[in-house]
Amino acid sequence: MSILVIAEHEHGALKGATFNTVTAALACGSEVHVLVAGHNVGEAARQAAQIAGVTKVLHADAPQLDAQLAENVAAQVLAVAQGYSHILFPATAHGKNAAPRVAAKLDVAQISDITKVVSPDTFERPIYAGNAIATVQSADAVKVITVRTTAFDAAPATGGAASVESVAAVSDSGLSSFVGREVTKSDRPELTAAKIIVSGGRALGSAEKFNEVLTPLADKLGAALGASRAAVDAGYAPNDWQVGQTGKIVAPQLYIAAGISGAIQHLAGMKDSKVIVAINKDPEAPIFSVADYGLEADLFEAVPELVKSL
Ligand SMILES: Cc1cc2nc3c(=O)[nH]c(=O)nc-3n(C[C@H](O)[C@H](O)[C@H](O)COP(=O)(O)OP(=O)(O)OC[C@H]3O[C@@H](n4cnc5c(N)ncnc54)[C@H](O)[C@@H]3O)c2cc1C
C-alpha cells in the first residue's frame with residue numbers, strides 16, 4: 001500500500017503543512033511518497049527527500065505548474081495517481097482547492113479534514129463546527145484525504161534519504177490562467193504557523209483601536225495577530241486574520257483572545273490551542289469555558305497593563 005502526499009511549497013521551500021501531512025500519511029501505511037509539483041522546485045524536492053519516513057519523492061517541474069493553479073495541480077496528481085491507495089493533501093486553501101478535483105475524477109468520496117487515522121480505511125473528522133467527531137470508514141479503492149494539519153505533529157525534517165524521481169509534467173489545462181497575486185507582507189509569523197497569537201474581537205470597536213491596543217502586545221510577544229469574524233466583517237482586521245470555522249484553524253502554544261465572546265464558530269478554529277487566555281468583561285462569555293486563564297476585565301485597561309508588565 002503506497003501513500004502519496006501532495007507537498008505544499010512557497011518560494012522553492014516546503015511549507016510546514018507538508019510535514020504534518022506526512023505524519024498523517026505514515027499513520028496510513030509505511031510506504032510514503034511525496035509529489036512536489038511546481039516550477040524551479042528542485043530544492044523543495046530535496047527537502048521532501050530528507051523528511052523522516054518518506055521513501056520516494058516525485059518531482060514535476062514546469063512553468064505551467066508555477067502558479068499552482070488547482071486545475072493543473074489536480075491533473076498532475078491524477079497523472080501519477082495510479083497504484084496509490086491514499087492521496088493526502090493538507091487541508092489548506094491550496095489542498096482544499098485541488099483535492100476535490102482529484103476525488104471527483106477518480107470517482108471516490110473525499111474524506112475531508114481528518115484529525116486522526118484510526119486505521120488505513122477509518123478516520124476521525126470534526127463535524128458541526130467541531131462539536132462532534134465523526135468516525136468515517138471508506139470502502140473506496142483510493143482514499144482522497146485532506147488533513148487538518150494542527151491535529152498531527154510535523155514529521156522530522158531530517159532523517160530520511162528518499163530517492164527523487166523526475167516525472168513528466170502535465171501540459172497546461174487551459175482551464176484557468178494566472179492573473180496576479182496580492183500578498184500581504186508582514187514581519188509577523190504566519191497565523192497558522194505562529195506559536196503565539198493575539199486575537200481581537202468586536203469589542204475593539206475600530207481598526208485604529210485594534211491596532212493601537214493589540215499590536216504592542218503582539219510585538220512584545222513576537223505573536224501573529226488574529227481576529228474574530230465580527231472584527232473582520234466590521235473592517236477592524238483583514239480577512240486573512242480570521243480565526244474560526246470559516247477562517248483559519250490554529251493551534252498555537254498560546255492564544256490570547258481579547259474582547260471575543262467565544263461563539264462556537266470561533267472556538268472551532270482555536271480551541272485546540274495549548275494555552276488559552278481570555279480577556280472579557282462579561283463573566284458569562286462562553287470563551288471562559290475553554291480558557292485556561294480568564295481575566296474578567298476591560299481590555300482597554302488590561303491589555304496596556306499587560307504590555308507594561310511584560
Ligand atoms: C456559518 C457561520 C460561520 C462563522 N464563522 C466564524 C469564524 O470563522 N470565526 C468567527 O470568529 N466567527 C464566525 N462566525 C460568527 C460567530 O457566530 C460570532 O458572531 C463571532 O465570532 C462574534 O465575534 P466577537 O466574539 O468578536 O463578537 P461578539 O460576539 O459581539 O463579542 C464581543 C465580546 O467582547 C466583550 N467585550 C465588549 N467590550 C469589552 C471590553 N471593553 N473589554 C473586554 N471585553 C469586552 C463582550 O462581553 C463580548 O463577549 C460565524 C457564524 C456563522 C453563522
Side-chain angles (χ1 to χ4, degrees), residues 17 90-93 95-97 112-113 115 125-132 134 146 148-151 184 190-194 196-218 221 223-252 254-273 276-310:
T92 54
K96 289 191 279 189
N97 202 356
S112 302
D113 213 16
T115 50
R125 55 180 301 266
I127 55 171
Y128 302 124
N131 280 317
T146 60
R148 181 174 291 204
T149 53
T150 53
T184 328
E190 196 197 342
L191 200 51
T192 51
I196 303 178
I197 295 174
V198 173
S199 219
R202 197 199 308 267
L204 271 306
S206 68
E208 292 71 34
K209 281 285 170 198
F210 196 103
N211 285 326
E212 185 188 313
V213 177
L214 297 188
T215 303
L217 181 58
L221 296 171
L225 279 163
S228 71
R229 177 159 155 185
V232 169
D233 286 351
Y236 307 164
N239 250 312
D240 58 343
W241 289 8
Q242 185 179 316
V243 172
Q245 185 189 344
T246 43
K248 289 185 174 150
I249 309 283
V250 299
L254 173 62
Y255 187 89
I256 302 179
I260 292 179
S261 60
I264 51 164
Q265 296 90 352
H266 188 78
L267 301 186
M270 47 63 75
K271 70 175 176 342
D272 291 332
S273 304
I276 298 171
V277 174
I279 304 170
N280 197 303
K281 65 179 186 186
D282 174 9
E284 303 294 325
I287 191 80
F288 287 129
S289 67
V290 298
D292 298 283
Y293 299 93
L295 181 61
E296 185 193 331
D298 184 332
L299 74 90
F300 295 105
E301 290 165 16
V303 174
E305 265 177 46
L306 188 57
V307 173
K308 234 187 274 166
S309 61
L310 279 169

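Each ligand, and each atom within it, is numbered from 1 in the order the structure gives.
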N/O donor-acceptor pairs under 3.5 Å from side chains in residues 284-298, not counting sequence neighbours:
from: S289; atom 1: OG; to: P286; atom 2: O; distance (Å): 2.6
from: D292; atom 1: OD2; to: I276; atom 2: N; distance (Å): 2.7
from: D298; atom 1: OD1; to: F300; atom 2: N; distance (Å): 2.8

Listed partners of K281 passing salt bridge (Lys or Arg N to Asp or Glu O under 4.0 Å), at least two apart: none
N-O pairing of E305 and K308 below 4.0 Å: no
Matching residue for L204 among I260, N211, V303, L214 - test: side-chain contact (heavy atoms from CB on, under 4.5 Å): L214
Test side chain to side chain contact (heavy atoms under 4.5 Å, CB included) applied to A203 - qualifying residues, sequence neighbours left out: L299
Residue contacts for ligand 1, heavy atom to ligand atom, distance under 4.0 Å: G201, R202, A203, S228, R229, A230, Q242, V243, G244, Q245, T246, G247, G259, I260, S261, A263, Q265, H266, N280, K281, D282, A297, D298, L299, F300
CG/N239: more than 12 non-hydrogen atoms of other groups inside 6.0 Å: no
